[in-house]
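A short write-up of the structure that comes next.
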Amino acid sequence: MAAAPAVRFPVFGLVRLLGLAAAAGILFWAVHFRGGMALSTDEESKLPLFNVHPVMMLIGLVALNGEALLAYKTVPGTKKLKKLVHLAVQFLAMFFSLIGLWAVWKFHDERKIDHLYTLHSWLGLTCFIFFSLQWAAGFWTFWYPGGSRSGRAFLLPWHVFFGIFIYVLAIATSVTGLLEKSIFMQSAKMIERFSTEAMFMNSLGMLLVLLSGLVILAIVSPGPSKIDTYRGSSE
């Protein structure tokens with residue numbers, strides 16, 4: 001079996017930098033190109049309500065989730081502290097994504113648009129359900145009340161695998177969401193194919209793909225906690 005690649009560059013710093021860039025990018029798009037965000041709407045425009053959806057989902061399931069996945073390698077301190085940070089940041093990610101789901105559901109209701117008819121919506125709902133179940137299983141098994149030592153040891157590799165799988169699913173959902181929104185706006189003649197906004201959305205999608213590769217590389221690469229830190233979560 002091939003060994004994981006040894007990383008010779010500051011991958012954790014790059015992950016954090018690109019995660020911040022992605023969060024700032026979607027926020028900039030919502031405010032600069034799409035008129036901002038709002039949790040309440042008026043009769044003239046409901047688009048600020050929709051804009052809450054991509055911002056909250058990307059910050060939650062991509063930026064914060066990526067930080068949580070690497071907490072065992074990036075957070076100094078005891079194993080219990082690392083575990084607490086991992087759980088807390090993922091809970092915050094889940095809370096953000098719940099707001100994002102509520103916003104798009106309310107937007108569809110108010111605009112009389114059908115729910116769950118696109119691949120993006122199927123991926124998004126699946127990702128949120130899996131993420132929630134993963135968090136609940138992790139909390140129950142590794143934090144409180146805590147499973148048996150053998151049970152934690154059995155679940156740990158599956159917990160790590162599904163964590164990576166759900167992160168990749170979040171990236172796929174985000175990219176298809178950007179694609180879907182861009183195509184909808186081009187079809188409605190709201191933007192041109194080679195407009196600044198269209199190119200910005202494409203660039204943001206490419207940034208997310210690069211970010212996902214670096215996050216996965218950081219997880220699988222050998223380091224001070226490749227085995228010990230993750231094993232520590234089962235203790």
Side-chain angles (χ1 to χ4, degrees), residues 22-23 25-66 90-136 162-163 165-209 211-212:
I26 194 65
L27 185 60
F28 175 80
W29 172 80
V31 173
H32 179 73
F33 289 109
R34 295 289 102 207
M37 299 181 294
L39 294 178
S40 59
T41 60
D42 53 43
E43 292 302 320
E44 293 183 3
S45 176
K46 295 182 173 63
L47 291 180
L49 173 62
F50 172 83
N51 295 340
V52 173
H53 169 69
V55 172
M56 292 293 103
M57 299 302 283
L58 191 150
I59 291 176
L61 293 179
V62 175
L64 289 176
N65 187 22
Q90 288 210 317
F91 181 81
L92 185 61
M94 186 164 54
F95 177 71
F96 273 42
S97 58
L98 185 61
I99 295 175
L101 284 176
W102 168 84
V104 74
W105 198 274
K106 183 179 180 183
F107 173 80
H108 277 228
D109 280 344
E110 294 186 355
R111 294 288 289 265
K112 310 301 181 185
I113 302 172
D114 291 334
H115 295 289
L116 302 174
Y117 68 95
T118 65
L119 175 61
H120 167 70
S121 62
W122 287 23
L123 290 172
L125 186 59
T126 301
C127 183
F128 179 76
I129 292 172
F130 280 8
F131 186 90
S132 301
L133 292 174
Q134 168 87 341
W135 188 89
F162 278 110
F165 171 74
I166 292 167
Y167 183 77
V168 172
L169 183 57
I171 294 293
T173 304
S174 299
V175 171
T176 57
L178 288 168
L179 174 63
E180 179 181 287
K181 184 63 175 178
S182 181
I183 290 175
F184 283 174
M185 291 193 297
Q186 291 175 33
S187 299
K189 306 300 181 183
M190 296 171 64
I191 62 172
E192 298 295 329
R193 290 182 178 177
F194 294 98
S195 65
T196 302
E197 183 174 358
M199 295 299 100
F200 183 85
M201 295 173 75
N202 288 351
S203 300
L204 182 56
M206 294 299 295
L207 175 65
L208 292 175
V209 172
L211 174 61
S212 68

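It should be emphasised that the depicted structure is a prediction, and the values quoted were computed from it without experimental measurement.
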- Message: Between L61 and Y167, is the side-chain contact (heavy atoms from CB on, under 4.5 Å) condition met? List the steps.
- Response: CA-CA 7 Å; L61 293 179; Y167 183 77; over 6 Å; no

- Message: Checking V175 against M206 for the side-chain contact (heavy atoms from CB on, under 4.5 Å) test, could you report, in this order, the C-alpha distance in whole Å, the side-chain angles of both residues, the deciding distance, and whether it holds?
- Response: CA-CA 8 Å; V175 171; M206 294 299 295; over 6 Å; no

- Task: Decide side-chain contact (heavy atoms from CB on, under 4.5 Å) for N65 and F131; before the verdict, give the C-alpha distance in whole Å, the side-chain angles of both, and the deciding distance to 0.1 Å.
- Result: CA-CA 10 Å; N65 187 22; F131 186 90; 3.6 Å; yes

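For L49, the side chain to side chain contact (heavy atoms under 4.5 Å, CB included) partners are T41, W102, A103, K106, F107, E110, not counting sequence neighbours. The side-chain hydrogen bond (donor to acceptor under 3.5 Å, both in side chains) search around H120 returns T176, not counting sequence neighbours. Shown here are the ring-ring contact (aromatic ring centres under 6.0 Å, His included) partners of H115, two or more places apart in sequence or in another chain: W105, H108.
Here the closest heavy-atom approach between residue V52 and residue A38 is recorded as CG2-O, 3.6 Å. A pairwise comparison of heavy atoms in G60 and A93 identifies O-CB, 3.0 Å as the closest pair. When all heavy atoms are compared, the tightest approach of S121 to L116 is OG-CA, 3.2 Å. Considering every non-hydrogen atom in both C127 and T173, the closest pair reads CB-OG1, 4.3 Å.
To the nearest 0.5 angstrom, L169 atom CG is 12.0 Å from S212 atom OG. To the nearest 0.5 Å, atom CD1 of residue I26 and atom CE of residue M56 are 10.5 Å apart. Distance check: S97 OG to L58 CG gives 11.5 Å after rounding to the nearest 0.5 Å. Going from atom CD1 of I183 over to atom CD1 of I191 covers 10.0 Å, rounded to the nearest 0.5 Å.
For residues 165-184, there are no salt bridge (Lys or Arg N to Asp or Glu O under 4.0 Å) pairs, not counting sequence neighbours. Residue pairs meeting the side-chain hydrogen bond (donor to acceptor under 3.5 Å, both in side chains) criterion with at least one member in residues 51-64, sequence neighbours excluded, do not occur.
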For residues 197-205, which side-chain donor-acceptor pairs fall under 3.5 Å, sequence neighbours excluded?
| from | atom 1 | to | atom 2 | distance (Å) |
| --- | --- | --- | --- | --- |
| E197 | OE1 | R34 | NH2 | 3.0 |
| E197 | OE2 | W29 | NE1 | 3.0 |
| E197 | OE2 | R34 | NE | 2.8 |
| S203 | OG | M199 | O | 2.8 |

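A 4.5 Å side-chain heavy-atom check between F162 and L133 finds every atom pair outside the cut-off. In this structure, S132 and M94 have side chains that are in contact, with non-hydrogen atoms separated by less than 4.5 Å. Within the 4.5 Å cutoff, the side chain of F96 has no heavy atoms near those of the V55 side chain.
The 12-atom threshold is exceeded at CZ of F33, counting heavy atoms of other residues, nucleotides or ligands nearer than 6.0 Å.
Distance alone, capped at 3.5 Å, places no donor-acceptor pair between the S182 side chain and the L179 backbone.
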